[in-house]
S.K.: 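For reference, the structure I am asking about is given below.
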Amino acid sequence: MNTSRLAFTAQKMSHPIRPSDARFVSHAPGHWPDVAPEQWNDWKWQLKNRVTTLARLEELIPLTTEERAGVLLAGNKLSLAITPHFFNLIEPDNPDCPIRRQVIPRMEEGYTAPWEMADPCGEDSHMPVPGLVHRYPDRVLFLVTDRCASYCRYCTRSRVVSGAGDQELHTDFDEAFAYLEKHTEVRDVLFSGGDALLLSDEKLERLLSRVRAIPHIEFVRIGTRVPIFLPQRITPELCKMLQKYHPLWMSVHVNHPRELTTEVREALGRLVDHGIPLGNQSVFLAGVNDDVETMRELVHKLLLCRVRPYYLYQCDLIQGSSHLRSSVAKGVEIIEALRGFTTGYAVPQFVIDAPGGGGKVPINPSYVLYHDQEKVVIRNYEGKIFEYPEAGLPVVSHREVELFR
Ligand SMILES: *Cc1c(COP(=O)(O)O)cnc(C)c1O
């Protein structure tokens, strides 16, 4: 790394770089060589200078025919927007680049498979008030904005985010807070959207303090891809504000190891240093992370960033996502190749968010070969078979009890 590149690093490292961390690199300034580091490191500059048009894309990298058609289609579906930071991760001459597949639209988005839906997880039918999804007994999903730093082409909520689709998000904050106050069974609130970290510090603090004022809400988390798309947003001021609202957890979204750059690692480090436990939610995507080597590198890099791989999602049945969908069998195979072979903390739970609103269902390799009242027959990661006696049976028989009477 040369020194001019170092200038693009927003804040000082919060923890030392180990020699093995040569895997973390900065791609700044990349396509923006003339931008001053102060501007590059300003999250508002990053947002203002997002790549949002076909003309701008074509100025920067050669597009394929499929991509050009996809961009033209995106306008009335899900906007195109890519932050300069994230754009620099794209390999210009590789049409199969795992980064570009996530954010550059493709012609295939225009094809809807028979099983694909506009609202694959049935969220709209689980909204007691606009913007609040209450599916599980004790926790709710709170959609606080319809904007993201960049738009993922497989977005499960593309019907309402970015402003390009037919639907709009109409969160009624007063109604939502009234619902939360009344529903004492809700102990967990998950802020999402869109991306809650795109709100100003002030607006976000108003929401956090309002939710923290409700005594039965004990657990608060934010689901966000901002630390990955826009690490510049994770300012020391934001972190200082967030740490007033503990216990506050965060779920971030990294799909490919290349997304973990030095800037992202530092942003994640700042969050952890302010006491925020981090989990990662990856989406299992064809040509992005559906092979063992990529996934192993991803989960190992996440641990170095002090992020615990939490979920690996089978891609939701969102309209126009067939080209990004990998098979459930392949997902299970990858989990099988991780479990036992690497750190337990590195292994996420593979889940399918059941179509129509069934919630997240864990999908696991079968380690239980047989199970009855007396025993369970199991296999380990190497395929060796073991027997374990089932508990709960009387330790001595009724006949033996009689003898001692
Ligand atoms: C994913 C999700 C949650 C949170 O689920 P956890 O398993 O607790 O992470 C809550 N509500 C909805 C509607 C969700 O989709």
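One is the number of the first residue; the rest follow in order along the sequence. One-based numbering, in listed order, for ligands and for the atoms of each.
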S.K.: Is the backbone of G193 close enough, under 3.5 Å, to the side chain of R157 for a donor and an acceptor to pair up by distance?
M.R.: yes
S.K.: Starting from atom 9 (O) of ligand 1, find the nearest protein heavy-atom neighbour and note its residue, name and distance.
M.R.: Y310 OH, 2.6 Å
S.K.: Near R135, which atoms of ligand 1 are under 4.0 Å from a heavy atom of that residue?
M.R.: 13 (C), 15 (O)
S.K.: At a 4.0 Å threshold, what atoms of ligand 1 neighbour a non-hydrogen atom of V133?
M.R.: 13 (C)
S.K.: For ligand 1, which atoms, with element, lie under 4.0 Å from some heavy atom of Y136?
M.R.: 2 (C), 3 (C), 10 (C), 11 (N), 12 (C), 14 (C)
S.K.: Please test H323 against E109 for side chain to side chain donor-acceptor pair (under 3.5 Å), starting from the C-alpha separation and ending with a verdict.
M.R.: CA-CA 8 Å; H323 61 295; E109 285 185 19; 4.9 Å; no
S.K.: With sequence neighbours left out, write down each residue that passes ring pair (Phe, Tyr, Trp, His ring centres under 6.0 Å) with Y245, or none if nothing qualifies.
M.R.: none
S.K.: Purely on distance, is any nitrogen or oxygen of Q281 under 3.5 Å from one on ligand 1?
M.R.: no
S.K.: Specify the protein heavy atom at minimum distance from atom 14 (C) of ligand 1: its residue, its atom name, and the distance to 0.1 Å.
M.R.: K360 NZ, 3.1 Å
S.K.: In the protein, which heavy atom is nearest to atom 4 (C) of ligand 1, and how far is it?
M.R.: R221 NH2, 3.4 Å
S.K.: For H170 and D172: C-alpha separation, side-chain torsions, deciding distance, then whether side chain to side chain donor-acceptor pair (under 3.5 Å) applies.
M.R.: CA-CA 6 Å; H170 292 288; D172 186 322; over 6 Å; no
S.K.: Among all protein heavy atoms, pick out the one at the shortest distance from atom 7 (O) of ligand 1; state its residue, atom name and that distance to 0.1 Å.
M.R.: Y311 OH, 2.6 Å
S.K.: Under 3.5 Å, which donor-acceptor pairs link side chains of residues 337-359 to any protein atom two or more places apart or in another chain?
M.R.:
residue, atom, partner, partner atom, Å
T342, OG1, H300, NE2, 2.6
Q349, NE2, N364, OD1, 2.9

S.K.: Taking everything shown except E168 itself, do over 12 heavy atoms lie less than 6.0 Å from its CD?
M.R.: no
S.K.: So, are E237 and K240 salt-bridged, with charged N and O less than 4.0 Å apart?
M.R.: no
S.K.: Backbone, side chain, both or neither: what part of R139 comes under 4.0 angstrom of ligand 1, heavy atoms only?
M.R.: side chain
